[in-house]
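To start, the structure under review is shown below, and the notes come after it.
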Amino acid sequence: MNSAAVKVLVDAEKDQQLQSIGYKILNQERISFDEGVALFEKASLSYVGALANWVRESKHGNKTYFNRNFHIEPTNVCVFSCAFCSYSKLYAHREEGWELNIEQMMHIVKSYDGKPVTEVHIVGGVHPKMNMDFFLELLKSIKAHRPDLHIKAFTPVELDYMFRKAKVSVEEGMRLAHEAGLDSLPGGGAEIFHPDIRTKICADKVDADGWLAIHKAAHQLGMHSNATLLYGHIESYWHRIDHMDRLRSLQDETGGFNTFIPLKFRNKDNDMQHVSESTIVEDMKMYAVSRLYLDNFPHLKAYWPMLGRKNAQLTLSFGVNDIDGTIDDTTKIYAMAGSEEQTPTMSTSDLVTLIKQVKRQPVERGTLYNEIKDYSDAILDTI
């Protein structure tokens, strides 16, 4: 939808506050906290969707990014007990989970030798025996074997535990990890920042200030990172805006965030099974408002294994310009929570087809959004 068409939509909006917000967005002015809440509470999906799509196309045109990546999950044994988690096993029941040693993880890395993957994504539970020295050795081993492979690893939940156990500051810990081969941080562990919610769903892990401090330290070392928000459980709309507001403020300061990824709460086999999951309308609204509020985040990503392929396609009309990567069936975190994709793997051809079906332009990227190849005119059976 072009600017003129969106302006017609805004002109026709009868709610004065929503109309004012629409004009601010068209004028590329920042919307306020209260205006962000109002979009959730009052705006129609078509209204926020059209505005978010306009912002998306203003920033990226029809380009839709994906990358070739694989995941390593060192363990699902965890010292923390988050109410929403369907993935982890407490240390007392570690025999029910898995624990990979460095040799086993290097075997996974080596299985991709000769394949055009550009990123390994490493996240897992917080295992008391997998300390900082263990993970520094892993990072060095991966870099020694495949120097060009971008290592995106460890949430602040994992890093905070490592640093505290090693008795190093956040700044020192991040420096050591970066020197060992850590290239960027994923966005996990953010959940909901506000303590009203955080204390109910994940009270014992790093708090909002700690999460943000670790990302800030990474940014100060020249590293980039992503950010997430877990939505659709017991939070209110203003908790979501509070969360995004803290991210927006840090981004103003450092400019180190690449991508924001809203993560849908799934209720299978966890302590919040009684909480209903959000509707598809609510999901799309979350993406759209995220795109409108986080004006200083370059990219908005939909994590297709969590949403399913059709819904991931739909997000591309609600502000999203990235649908993650090939993944290659190497992540269990969302499958165990009841996500749409129980064996999450897509070939490059699958991803390109998915993007082209909704008239978008498929572009393979590196982790830091360097464009590797435009697949607009690619013949699929040659990919």
Side-chain angles (χ1 to χ4, degrees), residues 1 6 9-10 12-56 59 84 187 190-198 200-201 208 227-251 257 259-267 272 275-297 299-303 306-307 311-312 314-321:
M1 189 179 284
V6 178
L9 183 71
V10 173
E13 174 57 53
K14 292 183 170 55
D15 184 289
Q16 290 297 304
Q17 184 184 25
L18 294 179
Q19 187 182 65
S20 172
I21 294 169
Y23 290 139
K24 285 178 79 169
I25 290 164
L26 286 171
N27 291 326
Q28 299 182 330
E29 297 171 17
R30 173 164 287 185
I31 62 174
S32 70
F33 188 107
D34 290 343
E35 288 169 334
V37 175
L39 288 174
F40 273 126
E41 291 182 342
K42 298 197 294 182
S44 66
L45 179 60
S46 59
Y47 189 70
V48 292
L51 286 166
N53 187 58
W54 179 81
V55 171
R56 176 240 203 270
K59 288 179 179 287
F84 56 81
E191 324 312 358
I192 289 283
F193 286 149
H194 198 281
D196 286 357
I197 304 300
R198 201 170 188 84
K200 292 177 183 174
I201 66 172
T228 61
L229 181 157
L230 183 71
Y231 72 91
H233 44 93
I234 62 170
E235 86 284 4
S236 299
Y237 289 137
W238 73 266
H239 290 123
R240 299 182 192 178
I241 295 296
D242 172 79
H243 185 103
M244 289 191 277
D245 197 64
R246 298 182 201 214
L247 292 172
R248 194 169 74 173
S249 294
L250 181 56
Q251 181 74 333
F257 287 115
T259 314
F260 180 65
I261 311 135
L263 296 174
K264 178 186 177 84
F265 164 72
R266 309 304 301 236
N267 64 8
M272 295 172 68
V275 178
S276 299
E277 295 182 359
S278 58
T279 65
I280 189 64
V281 170
E282 189 65 31
D283 295 339
M284 295 306 122
K285 199 167 193 181
M286 180 69 219
Y287 283 99
V289 176
S290 299
R291 181 62 286 170
L292 300 175
Y293 199 79
L294 292 172
D295 51 31
N296 54 4
F297 272 61
H299 305 284
L300 180 66
K301 181 192 291 185
Y303 186 57
M306 177 193 63
L307 285 171
N311 290 342
L314 192 56
T315 66
L316 299 179
S317 296
F318 290 88
V320 168
N321 69 296

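- The NE2 atom of His299 sits 14.0 Å away from the CZ atom of Phe257 when rounded to the nearest 0.5 Å.
- Applying the salt bridge (charged side-chain N to carboxylate O under 4.0 Å, His left out) rule to pairs touching residues 41-51 yields Asp15-Lys42, sequence neighbours excluded.
- For the pair Arg248 and Phe297, the cation-pi test (distance below 6.0 Å, angle within 45°) is failed.
- Closest non-hydrogen pair, Ala43 versus Val48, comes out as CB-CG1, 3.5 Å.
- Of the possible polar contacts, one joining the Glu235 side chain to the Gly232 backbone as a donor-acceptor pair under 3.5 Å is found.
- Looking only at side-chain heavy atoms (C-beta outward), Leu229 and Leu263 stay at 4.5 Å or farther from each other.
- In this structure, the side chains of Tyr293 and Asp245 come closer than 4.5 Å at one or more pairs of heavy atoms.
- A distance of 13.0 Å separates CE of Met286 from OG1 of Thr315, quoted to the nearest 0.5 Å.
- Here the side chains of Val6 and Leu51 are in contact, with some heavy-atom distance below 4.5 Å.
- Evaluation of the side-chain hydrogen bond (donor to acceptor under 3.5 Å, both in side chains) rule for Gln251 yields no partner, not counting sequence neighbours.
- Among residues two or more places apart in sequence or in another chain, the side-chain hydrogen bond (donor to acceptor under 3.5 Å, both in side chains) test is passed with Ser317 by none.
- Partners of Arg246 under the salt bridge (Lys or Arg N to Asp or Glu O under 4.0 Å) rule, at least two apart in sequence or in another chain, are Asp242.
- Under the 3.5 Å distance criterion, the side-chain polar atoms of Thr228 are left unmatched by any main-chain donor or acceptor of Pro262.
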Query raised in the report: Should Ile192 and Tyr231 be marked as a side chain to side chain contact (heavy atoms under 4.5 Å, CB included) after you check the CA-CA gap, both sets of side-chain angles, and the distance that decides it?
Result: CA-CA 8 Å; Ile192 289 283; Tyr231 72 91; 5.8 Å; no
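- Residues satisfying the salt bridge (Lys or Arg N to Asp or Glu O under 4.0 Å) test with Glu29, not counting sequence neighbours, are none.
- Between Ala302 and Leu307, the shortest heavy-atom distance links the atoms CB-CD1, 3.9 Å.
- Between His233 atom NE2 and Ile201 atom CD1 the span is 4.5 Å, to the nearest 0.5 Å.
- Between Leu300 and Thr259 the shortest side-chain heavy-atom distance does not fall below 4.5 Å.
- Distance CG/Leu39 to NZ/Lys285: 8.0 Å, rounded to 0.5 Å.
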Report task. Carefully, step by step, assess Phe265 and Ser278 under the rule side chain to side chain contact (heavy atoms under 4.5 Å, CB included). Result -> CA-CA 8 Å; Phe265 164 72; Ser278 58; over 6 Å; no
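- Phe193 is linked by a ring pair (Phe, Tyr, Trp, His ring centres under 6.0 Å) to Trp211, His243, counting only residues two or more places apart in sequence or in another chain.
- Scored by the salt bridge (Lys or Arg N to Asp or Glu O under 4.0 Å) test, Lys301 finds Asp324 as partners (sequence neighbours excluded).
- When side chains are defined from C-beta on, Lys59 counts as touching Arg291, because their heavy atoms get closer than 4.5 Å.
- For the side-chain hydrogen bond (donor to acceptor under 3.5 Å, both in side chains) test, residues two or more places apart in sequence or in another chain that qualify with Ser46 are Ser44.
- Annotation: side-chain contact (heavy atoms from CB on, under 4.5 Å) contacts of Asn53 (sequence neighbours excluded): Arg56, Glu57, Arg360.
- Between Asp34 and Trp238 there is no side-chain heavy-atom pair separated by less than 4.5 Å.
- Closest approach of Leu9 and Ala50 over heavy atoms only: CD2-CB, 3.4 Å.
- Two residues are said to be in side-chain contact when any heavy atoms from C-beta on lie closer than 4.5 Å; Val10 and Tyr47 meet this criterion.
- Here CG of Asp295 is found 4.0 Å from CZ of Arg30. Values are rounded to the nearest 0.5 Å.
- Interatomic distance, CD1 of Ile241 versus OG of Ser290, reported as 7.5 Å (0.5 Å rounding).
- For Phe318, there are no ring pair (Phe, Tyr, Trp, His ring centres under 6.0 Å) partners two or more places apart in sequence or in a different chain.
- Applying the side-chain hydrogen bond (donor to acceptor under 3.5 Å, both in side chains) criterion to His194, with sequence neighbours excluded, gives no partner residue.
- In terms of heavy-atom proximity, Gln17 sits nearest to Ala38 at OE1-CB, 3.5 Å.
- Contact annotation: the side chain of Ser236 never approaches that of Asp196 to less than 4.5 Å [non-hydrogen atoms, C-beta and beyond].
- With sequence neighbours left out, the salt bridge (Lys or Arg N to Asp or Glu O under 4.0 Å) criterion links Glu13 to no other residue.
- A salt bridge links Lys24 with Glu35: the distance from a Lys NZ or Arg NE/NH1/NH2 to an Asp or Glu carboxylate oxygen falls below 4.0 Å.
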Report task. Evaluate the criterion salt bridge (Lys or Arg N to Asp or Glu O under 4.0 Å) for residue pair Glu191 and Arg240; output intermediate values, then yes/no. Result -> CA-CA 10 Å; Glu191 324 312 358; Arg240 299 182 192 178; over 6 Å; no
